[in-house]
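Below is one structure, written out as structure tokens; comments come after it.
The chains referred to below are lettered A, B, ... by the order of the sequence lines, with proteins before strands, and numbering in each begins at 1.
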Amino acid sequence: MSMLEVSKLKVSYGGINAVKGIDLRVDAGEMVALIGANGAGKTTTLKAVSGLLQHGGHVRYNGEDVSRRPAYQLVELGIAMVPEGRGVFGRLTVDENLRMGAYVINDRGLIRGEVDRIYHLFPRLKERRDQTAGTLSGGEQQMLAIGRALMSQPRLLLLDEPSMGLAPLMVEKIFEVVRQISENGVTILLVEQNARLALAMSGRSYVMESGTVTLEGESASLLDNPQVRQAYLGE
Amino acid sequence: MIKAFQSRLRQLKKDRRAVWVGYALIGVALAVLPFAVDGGFGRTWVRIVDFALIYAMLALGLNIVVGFAGLLDLGYIAFYAVGAYTWALLASPQFGLHLPFWAILPIGAGVAAFFGVLLGAPTLRLRGDYLAIVTLGFGEIIRIFLNNLDHPINITNGPIGINKIDPISIAGVDLTRTHEFLGLEFAGTHLYYYVLLGLVMLSMFICVRLEDSRVGRAWIAIREDEVAAQSMGINTRNVKLLAFAMGATFGGVAGGLFASFQGFVSPESFILLESIMVLCMVVLGGMGHVAGVVVGALLLAVLPEILRSTASPIQEQLFGKVLVDPESLRMLLFGLALILVMLIRPTGLWPSPIRKREFASEAT
């Protein structure tokens with residue numbers, strides 16, 4: 001049984017079908033990438049899975065049907081989402097942002113430990129713990145968004161374009177941490193436009209094109225696929 | 001000079017005895033205030049202080065919705081109206097009902113909370129300007145209902161309003177009469193002052209506790225970013241409804257007290273200008289800051305009255321006659337004061353730390 005099983009997922013905005021019935025699965029401990037061009041429906045898929053969007057189709061999490069569950073309930077079940085564009089609380093400090101991420105946890109001692117763990121993972125955030133999130137650089141905000149999502153102690157982490165708008169050096173740093181998180185046993189579903197990076201990081205990948213999955217398989221083999229190389233790796 | 005005073009104050013705060021002496025002094029000052037005002041300025045001014053306390057409670061309630069949860073509500077006075085009319089209908093000759101205040105107070109709070117949810121439910125997906133317009137409409141709907149519910153069945157007495165509302169009576173002590181305790185004479189306005197003061201302090205306490213609670217943090221999250229708040233595991237729907245209901249409860253209680261204190265209610269007291277006035281109190285005092293909001297309410301409730309009573313005599317002394325009608329001058333100066341405060345202290349007179357931060361970070 002897979003940790004996450006999505007079947008016949010359909011999402012439409014008004015009359016426009018953004019996602020046209022896709023299937024995908026993520027096994028426990030895996031890192032799976034969802035790549036594709038702008039407007040392919042990647043973010044929509046992720047939002048539907050995380051409960052932020054209404055959809056037709058089925059989402060099963062650890063065997064349980066969670067298709068109609070709102071986002072806040074999924075957090076309690078162990079699914080955390082790092083939203084596109086980071087969505088940090090700009091007027092709150094780094095520390096307050098992290099603590100907000102632990103909203104579903106009631107144990108104060110546990111929260112303190114988690115905050116320390118995040119600061120260990122992102123030493124940069126520790127330096128800026130009393131700064132408001134709005135004053136951080138884009139990369140630091142991305143770190144904060146990831147750290148905040150980890151505060152709820154998720155088993156499945158949904159990452160939406162963590163590389164968006166960041167300098168290459170920062171992207172490298174972020175993905176280094178993402179790899180670490182994965183190695184610590186958190187299952188990850190990663191949405192990325194940076195196909196090369198996503199394929200290099202993940203075990204398996206899905207390629208989306210205008211609302212459907214056109215290719216899927218081992219990331220390593222997709223890296224060699226001439227179709228992928230031409231369309232997404234610019235060769 | 002101010003810096004020196006602030007550091008001295010900080011030093012004093014460290015000294016626990018000094019803190020207790022400070023609290024005791026404030027307590028004594030609040031206790032003798034009605035007598036001092038009565039002796040110095042006359043009974044009318046005690047009434048004005050009483051009204052200022054009612055406004056403080058209103059502002060505290062609106063602050064939950066606007067300041068804590070960030071939901072702009074322009075029809076807040078509707079809950080005040082609901083509370084006032086609930087009280088009026090349950091304790092006046094209108095239906096011949098004369099329930100005791102301890103029964104009406106929770107009923108009024110409950111009815112107002114129900115109306116809060118009634119307004120909140122259809123507006124859950126609205127924010128900012130759109131929410132403001134719907135709430136504004138809601139406020140007007142309630143007022144128009146009150147104005148027209150005199151037929152086919154007469155419920156509210158329409159524009160005439162409801163008269164002869166029972167005053168609060170605690171343990172047989174009727175709060176509108178003058179009583180003697182310990183050789184001191186307590187007029188009705190004085191007694192109401194103590195009741196209102198107690199309730200305002202209780203409201204402040206509740207608000208401070210709320211702000212510091214799980215719900216309070218959820219409100220902050222929603223105010224900052226609703227989608228992110230959902231991703232944190234916050235049930236945004238319930239938390240928003242709770243904000244509306246809590247805010248409305250405060251408004252309802254304030255309305256009930258207003259009805260009993262005044263002895264009379266009519267739809268005229270619940271016009272849009274009142275909603276805006278309460279919003280001004282919140283914004284001017286410092287949105288989201290409990291103490292600031294109370295200061296804003298007291299200032300905006302008392303200052304216009306001072307202007308009203310001094311505008312004519314000053315003009316007569318200066319020009320020999322009254323050039324500008326005090327009523328219009330009052331609004332003019334009032335508007336000017338608001339503009340000045342927004343220019344000089346855009347976060348309010350006494351802002352919350354979070355708001356202060358926002359402007360500090362924008363400046364750098």
Side-chain angles (χ1 to χ4, degrees), chain A residues 43 46-47 49-54 69-94 96-106 108 111 130-136 141 144-146 148-154 157-160, chain B residues 63 66-72 121 124-125 127-128 210-243 283 286-289 292 346-348 351-364:
Chain A
T43 294
L46 209 61
K47 276 189 173 165
V49 169
S50 69
L52 287 173
L53 277 181
Q54 300 250 338
R69 293 237 189 165
Y72 71 90
Q73 284 183 10
L74 296 184
V75 180
E76 278 168 40
L77 292 176
I79 302 179
M81 157 109 161
V82 180
E84 186 184 24
R86 308 182 272 265
V88 295
F89 301 116
R91 288 188 292 195
L92 304 188
T93 64
V94 168
E96 287 165 340
N97 264 276
L98 290 180
R99 281 167 201 281
M100 202 64 95
Y103 186 80
V104 293
I105 298 173
N106 284 319
R108 274 168 194 265
I111 293 173
D130 295 321
Q131 227 171 295
T132 53
T135 62
L136 302 179
Q141 286 189 9
L144 181 57
I146 295 173
R148 191 182 58 178
L150 288 177
M151 286 295 295
S152 64
Q153 300 196 303
L157 185 66
L158 308 172
L159 279 173
D160 197 353
Chain B
N63 182 49
V66 178
F68 290 173
L71 306 160
L72 183 51
L124 279 173
R125 302 176 70 173
R127 283 196 75 83
L210 268 178
E211 192 183 10
D212 201 29
S213 70
R214 222 169 113 78
V215 178
R217 279 189 299 140
W219 283 335
I220 293 175
I222 286 180
R223 189 180 70 203
E224 300 291 318
D225 187 326
E226 207 170 321
V227 174
Q230 265 183 326
S231 311
M232 300 297 99
I234 294 167
N235 184 342
T236 51
R237 185 195 61 203
N238 286 3
V239 165
K240 275 165 92 169
L241 285 180
L242 189 64
V283 174
M287 238 194 287
H289 191 220
T347 49
S352 73
I354 291 180
R355 296 248 161 212
K356 243 204 249 162
R357 258 190 239 153
E358 168 195 7
F359 276 80
S361 60
E362 262 175 31
T364 50

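Interface residue E96(A): only side-chain heavy atoms are found under 4.5 Å from chain B. For N106(A), the part lying near chain B is the side chain, with the backbone staying farther off; criterion is any non-hydrogen pair under 4.5 Å. Both the backbone and the side chain of L92(A) come within contact range of chain B, with heavy atoms under 4.5 Å apart.
Considering every non-hydrogen atom in both M232(B) and Y103(A), the closest pair reads O-CB, 3.6 Å. Closest approach of S231(B) and L52(A) over heavy atoms only: OG-CD1, 4.1 Å.
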Under 3.5 Å donor-acceptor pairs involving side-chain atoms of residues 217-225 of chain B, not counting sequence neighbours:
residue	atom	partner	partner atom	Å
W219(B)	NE1	V239(B)	O	2.9
R223(B)	NH1	G67(B)	O	2.7
R223(B)	NH1	F68(B)	O	3.4
E224(B)	OE1	R91(A)	N	3.4
E224(B)	OE1	R91(A)	NE	3.4
E224(B)	OE2	R91(A)	NE	3.0
E224(B)	OE2	R91(A)	NH2	3.1
D225(B)	OD1	V227(B)	N	3.2
D225(B)	OD1	A228(B)	N	3.1

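For the side chain to side chain contact (heavy atoms under 4.5 Å, CB included) test, residues two or more places apart in sequence or in another chain that qualify with N235(B) are Y72(A), R237(B), N238(B).
For NZ of K240(B), the number of neighbouring non-hydrogen atoms (other residues, nucleotides, ligands) closer than 6.0 Å is greater than 12.
Between atom CE of residue M81(A) and atom CD of residue Q230(B) there is a gap of 10.0 Å, rounded to the nearest 0.5 Å.
Here R148(A) is the residue among R148(A), M151(A), E76(A) with the most heavy-atom pairs under 4.5 Å with chain B.
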